[in-house]
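Structure first, then comments.
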Amino acid sequence: MLGRWHHDRATWKGYVFEARVFLKSLVQRNDTARFLMLGRPRSGTTLLYRLLNQIPDIHCDGEVLHHAVLDPRGFLNRLAGIKFNRAWGCKLITYQMFEVQRIPDHRAFLEGLVDDGFRLIHIRRRTWDQSLSLSVAQASDQYHIRDQRRAQIRHLSLDPGRFVDQIRWNLAMLDYETRLLADLPHMDVNYEADLKHPADHQPTVDRICNGLGLPSAPVAADLARTAEAHRIDNLSALQEAVCAAGLGHVLEDPTA
């Protein structure tokens, strides 16, 4: 299930970007604090990185390991070193270690980053909601909404069999993340408690800034929840399929 080949590996874009960063790092090296956000797709990584980018001392990039590079650890360190902000970070979607970067030892990779001074931030979301959000985004090809007022309600029907596969894949990924980070120093961010409601955004960012040793600043989300713009017409059929597959606990367990 884990470790499938991903089309984002079959491109030169990552290698070209890596070469540019390497050349720039030869003449520009800054002692920048650094952090890495790790989580499954649709777990809140984009929302958090956009919130953190509103802090003057932080420059936060998106999925810089979206395309394959030769040396992921060295690339992240060199990329941090060419930034002028007091802190630099990016987000890593967990599957990218398996399917895009083909990192042979994920534990050693993360340990190495910690040794290099990276702070790890693990973002997790309830698997039912995360899988539903991912399936809707894939079906509608709409991953983010900036203005909820202009968004038109779209009705969707999702394939129950494929959704069950999605649930299984995401449960396996969350279990792997939890075991991978079990005894590594990291900060936890829970989507439901820390990101779902706008009132929780500022305390979450304040906590992260404090962990990075940086002053915080006022933040406000500039993205709307895509769930508000979509209606799933066969939601009960999805719930029945998940229960029939023996995965009904994801409907009740907030930690699953």
Side-chain angles (χ1 to χ4, degrees), residues 1-2 36-52 91-95 110 119-139 143-145 148 156 158-208 210-211 219 221 223-256:
M1 179 182 293
L2 303 181
L36 178 71
M37 298 182 295
L38 178 71
R40 297 174 296 174
R42 310 300 292 174
S43 60
T45 56
T46 296
L47 172 58
L48 184 57
Y49 111 78
R50 295 181 74 88
L51 290 172
L52 290 175
K91 65 176 189 169
L92 173 64
I93 307 302
T94 312
Y95 77 83
L110 294 179
R119 297 294 304 271
L120 303 180
I121 302 173
H122 184 211
I123 307 171
R124 60 182 296 157
R125 183 181 184 182
R126 183 170 171 250
T127 295
W128 169 264
D129 293 330
Q130 178 262 338
S131 297
L132 204 58
S133 177
L134 180 58
S135 295
V136 167
Q138 291 172 335
Y143 287 79
H144 303 106
I145 298 175
Q148 184 67 59
L156 298 171
L158 303 176
D159 181 87
R162 291 185 63 182
F163 184 69
V164 168
D165 290 341
Q166 185 84 271
I167 289 283
R168 285 200 179 101
W169 188 88
N170 283 308
L171 282 172
M173 192 64 72
L174 179 60
D175 178 68
Y176 185 75
E177 290 175 3
T178 302
R179 289 185 285 110
L180 190 64
L181 294 167
D183 55 352
L184 280 175
H186 67 277
M187 290 183 274
D188 283 308
V189 173
N190 182 286
Y191 179 87
E192 283 74 27
D194 301 319
L195 293 174
K196 184 175 181 178
H197 305 291
D200 297 319
H201 294 172
Q202 190 67 57
T204 299
V205 169
D206 292 346
R207 175 165 63 90
I208 292 174
N210 183 63
V219 298
L223 295 175
R225 295 180 61 206
T226 56
E228 304 299 328
H230 298 94
R231 298 292 181 268
I232 302 173
D233 294 331
N234 64 332
L235 185 61
S236 60
L238 300 181
Q239 294 170 332
E240 291 172 3
V242 168
C243 290
L247 302 171
H249 66 283
V250 301
L251 298 172
E252 304 290 342
D253 187 355
T255 66

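All residue numbers refer to positions in the sequence shown, counting from 1. Values below: all heavy atoms of this structure, side chains included; hydrogens, waters and symmetry mates excluded.
For the atom pair CG of Asn234 and CG of Asp159, the computed distance is 8.5 Å after rounding to the nearest 0.5 Å. Summarising the geometry, atom CD1 belonging to Ile167 is positioned 7.5 Å from atom OG belonging to Ser135; distances are rounded to the nearest 0.5 Å. To the nearest 0.5 angstrom, Asn170 atom CG is 11.5 Å from Tyr95 atom OH. Taken to the nearest 0.5 Å, the CG atom of Leu180 stands 9.5 Å off from the CG atom of Asp183. From Ser43, atom OG reaches atom CE of Met173 across 11.0 Å, with rounding to the nearest 0.5 Å. Rounding to the nearest 0.5 Å gives a distance of 11.0 Å between CG of Asp200 and NZ of Lys196.
Side-chain contact between Pro41 and Gln130 is present, with heavy atoms from C-beta onward closer than 4.5 Å. When side chains are defined from C-beta on, Ile232 counts as touching Leu158, because their heavy atoms get closer than 4.5 Å. Residues Val189 and Ile208 are in side-chain contact: their nearest non-hydrogen atoms beyond the backbone lie under 4.5 Å apart. Between Leu171 and Asp175, the closest side-chain pair of non-hydrogen atoms is not below 4.5 Å. Contact of the Val136 side chain with the Gln138 side chain is not registered, since no non-hydrogen atoms from C-beta on lie closer than 4.5 Å.
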Please determine whether side chain to side chain contact (heavy atoms under 4.5 Å, CB included) holds for the pair Leu48 and Lys91, giving the CA-CA distance in whole Å, both sets of side-chain angles, and the decisive distance to 0.1 Å. CA-CA 9 Å; Leu48 184 57; Lys91 65 176 189 169; over 6 Å; no

- prompt: What do the steps show when you test Arg207 against Asp194 for salt bridge (charged side-chain N to carboxylate O under 4.0 Å, His left out), and what is the final call?
  reply: CA-CA 10 Å; Arg207 175 165 63 90; Asp194 301 319; 3.4 Å; yes

Pair Leu238, Leu132 - check side chain to side chain contact (heavy atoms under 4.5 Å, CB included), show working.
CA-CA 10 Å; Leu238 300 181; Leu132 204 58; 3.9 Å; yes

Taking it one step at a time, do Leu247 and His249 satisfy side chain to side chain contact (heavy atoms under 4.5 Å, CB included)? CA-CA 5 Å; Leu247 302 171; His249 66 283; 4.3 Å; yes

Next item on the list: Report the C-alpha distance between Leu110 and His186 in whole Å, list the side-chain angles of each, state the deciding distance to 0.1 Å, and finish with yes or no for side chain to side chain contact (heavy atoms under 4.5 Å, CB included).
Entry: CA-CA 11 Å; Leu110 294 179; His186 67 277; over 6 Å; no

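What you find for Met37 and Thr45 is that their closest heavy atoms are CE-O, 4.1 Å. The shortest non-hydrogen separation linking Thr178 to Arg124 is OG1-NH1, 3.8 Å. Closest approach of Ala221 and Leu47 over heavy atoms only: CB-CD1, 3.9 Å. Of all heavy-atom pairs between Ala256 and Leu174, the closest is C-CD2, 3.9 Å. Leu134 approaches Gln166 most closely through the heavy-atom pair CD2-OE1, 3.4 Å. The minimum heavy-atom distance linking Cys243 with Leu251 is given by the pair SG-CD1, 3.6 Å.
Taking the six-membered ring for Trp and thresholds of 30 and 60 degrees, Trp128 and Phe163 have ring planes more than 60 degrees apart, a perpendicular arrangement.
Judged by distance alone, with hydrogens and angles left aside, the side-chain atoms of Glu192 form no donor-acceptor pair with the main-chain N or O of Arg125 at under 3.5 Å. One N or O on the side chain of Asn190 and one on the backbone of Ala193 form a donor-acceptor pair closer than 3.5 Å. A donor-acceptor contact shorter than 3.5 Å is absent between the side chain of Ser133 and the backbone of Asp129. In terms of modelled atom types and a separation under 3.5 Å, the side chain of His201 and the main chain of Leu195 share a donor-acceptor contact.
Here Asp233 pairs with nothing under the salt bridge (charged side-chain N to carboxylate O under 4.0 Å, His left out) rule; sequence neighbours left out.
Between the side chains of Thr127 and Arg40, at least one donor-acceptor pair of N or O atoms lies under 3.5 Å.
The stretch residues 235-246 participates, sequence neighbours left out, in no side chain to side chain donor-acceptor pair (under 3.5 Å) pair at all.
For Arg162, the CZ atom counts as loosely surrounded, since its 6.0 Å shell holds 12 or fewer non-hydrogen atoms of other residues, nucleotides or ligands.
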